[in-house]
Amino acid sequence: MTEAVDVLARLHTAAVDASNGYQEALEDADGQGLTPLFSQMITLHDAHAADLASELAALGAPPDEGGSLMSVVNRTIMNVRGLFGGLEESVLPGVIDGEERNLAAYDDALSELGLTPDH
């Protein structure tokens with residue numbers, strides 16, 4: 001049970017961190033550029049965080065809603081990108097890379113727990 005809690009907690013923290021980064025991007029975009037994408041990604045990661053929080057609570061492990069140091073890193077990256085080049089299509093490679101890392105984290109979690117995507 002502890003392993004499952006640890007894995008779910010890691011995924012939850014990653015979802016919170018991602019949402020926090022996109023929230024910063026949304027604020028810095030000022031309604032321009034990739035604002036719709038940032039809004040959709042916040043919704044997606046918030047939904048993942050909520051689902052994972054529910055699973056953690058069911059296992060008796062309250063989720064940490066604050067995220068990790070990566071929240072600060074994600075916010076800072078988006079803030080700096082917004083200052084120096086705007087949050088236009090040039091940020092897409094970074095967004096794609098981050099989302100690929102998120103997918104890999106879910107794949108790793110499934111593997112750690114001996115599950116497949118179907119279960």
Side-chain angles (χ1 to χ4, degrees):
M1 189 68 72
T2 301
E3 183 180 12
V5 168
D6 290 345
V7 168
L8 291 173
R10 270 195 327 265
L11 291 175
H12 178 266
T13 298
V16 170
D17 290 344
S19 179
N20 287 339
Y22 287 119
Q23 186 64 43
E24 182 67 35
L26 182 64
E27 291 168 14
D28 291 346
D30 262 349
Q32 303 297 311
L34 298 176
T35 295
L37 174 65
F38 299 145
S39 293
Q40 290 172 346
M41 297 310 287
I42 291 166
T43 300
L44 175 73
H45 287 289
D46 284 351
H48 288 173
D51 289 345
L52 292 161
S54 176
E55 292 297 323
L56 285 165
L59 295 171
D64 177 6
E65 298 296 338
S68 71
L69 178 61
M70 281 307 295
S71 281
V72 175
V73 171
N74 289 342
R75 286 183 185 130
T76 302
I77 289 169
M78 290 302 189
N79 189 275
V80 170
R81 294 289 306 248
L83 287 173
F84 291 106
L87 294 171
E88 304 286 334
E89 285 77 19
S90 66
V91 301
L92 285 176
V95 168
I96 291 167
D97 180 62
E99 291 306 316
E100 286 175 342
R101 281 186 274 122
N102 285 332
L103 286 173
Y106 277 88
D107 289 342
D108 292 346
L110 290 171
S111 178
E112 282 181 57
L113 298 173
L115 300 172
T116 63
D118 298 338
H119 295 100

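The shown structure was predicted, so the numbers you read here are calculated from the model rather than taken from an experiment.
- Counting all heavy atoms, side chain and backbone alike, E65 lies closest to V16 at O-CG1, 3.5 Å.
- How far CG of D28 is from CZ of F38: 9.0 Å, rounded to the nearest 0.5 Å.
- For the pair T35 (side chain) and Q32 (backbone), a donor-acceptor distance under 3.5 Å is present.
- Atom CG in D51 sits 11.0 Å away from atom CG in D46 (nearest 0.5 Å).
- Going from atom CG of N102 over to atom CG of D107 covers 11.0 Å, rounded to the nearest 0.5 Å.
- A salt bridge between D6 and R10 is absent, with no side-chain N of the basic residue lying under 4.0 Å from a carboxylate O of the acidic one.
- Atom-to-atom distance recorded for L44:CG and E99:CD is 7.0 Å, nearest 0.5 angstrom.
- Atom CE of M41 and atom CG of L26 lie 13.0 Å apart (nearest 0.5 Å).
- The minimum heavy-atom distance linking A109 with L11 is given by the pair CB-CD1, 3.6 Å.
- Judged by distance alone, with hydrogens and angles left aside, the side-chain atoms of S54 form no donor-acceptor pair with the main-chain N or O of A50 at under 3.5 Å.
- Between the OG1 atom in T43 and the OH atom in Y22 there is a gap of 12.0 Å [rounded to 0.5 Å].
- Looking at L110 and T116, their side chains never come closer than 4.5 Å, going by heavy atoms from C-beta outward.
- In terms of heavy-atom proximity, P63 sits nearest to A53 at CG-CB, 3.5 Å.
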### Task
In sequence, state the C-alpha distance, the side-chain angles, and the governing distance for L37 and L92, and then conclude on side-chain contact (heavy atoms from CB on, under 4.5 Å).
CA-CA 10 Å; L37 174 65; L92 285 176; 3.8 Å; yes

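- Counting all heavy atoms, side chain and backbone alike, A4 lies closest to L113 at CA-CD2, 3.8 Å.
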### Message
Between H12 and D64, does the side-chain contact (heavy atoms from CB on, under 4.5 Å) criterion hold? Intermediate values first, please.
### Response
CA-CA 8 Å; H12 178 266; D64 177 6; 5.5 Å; no

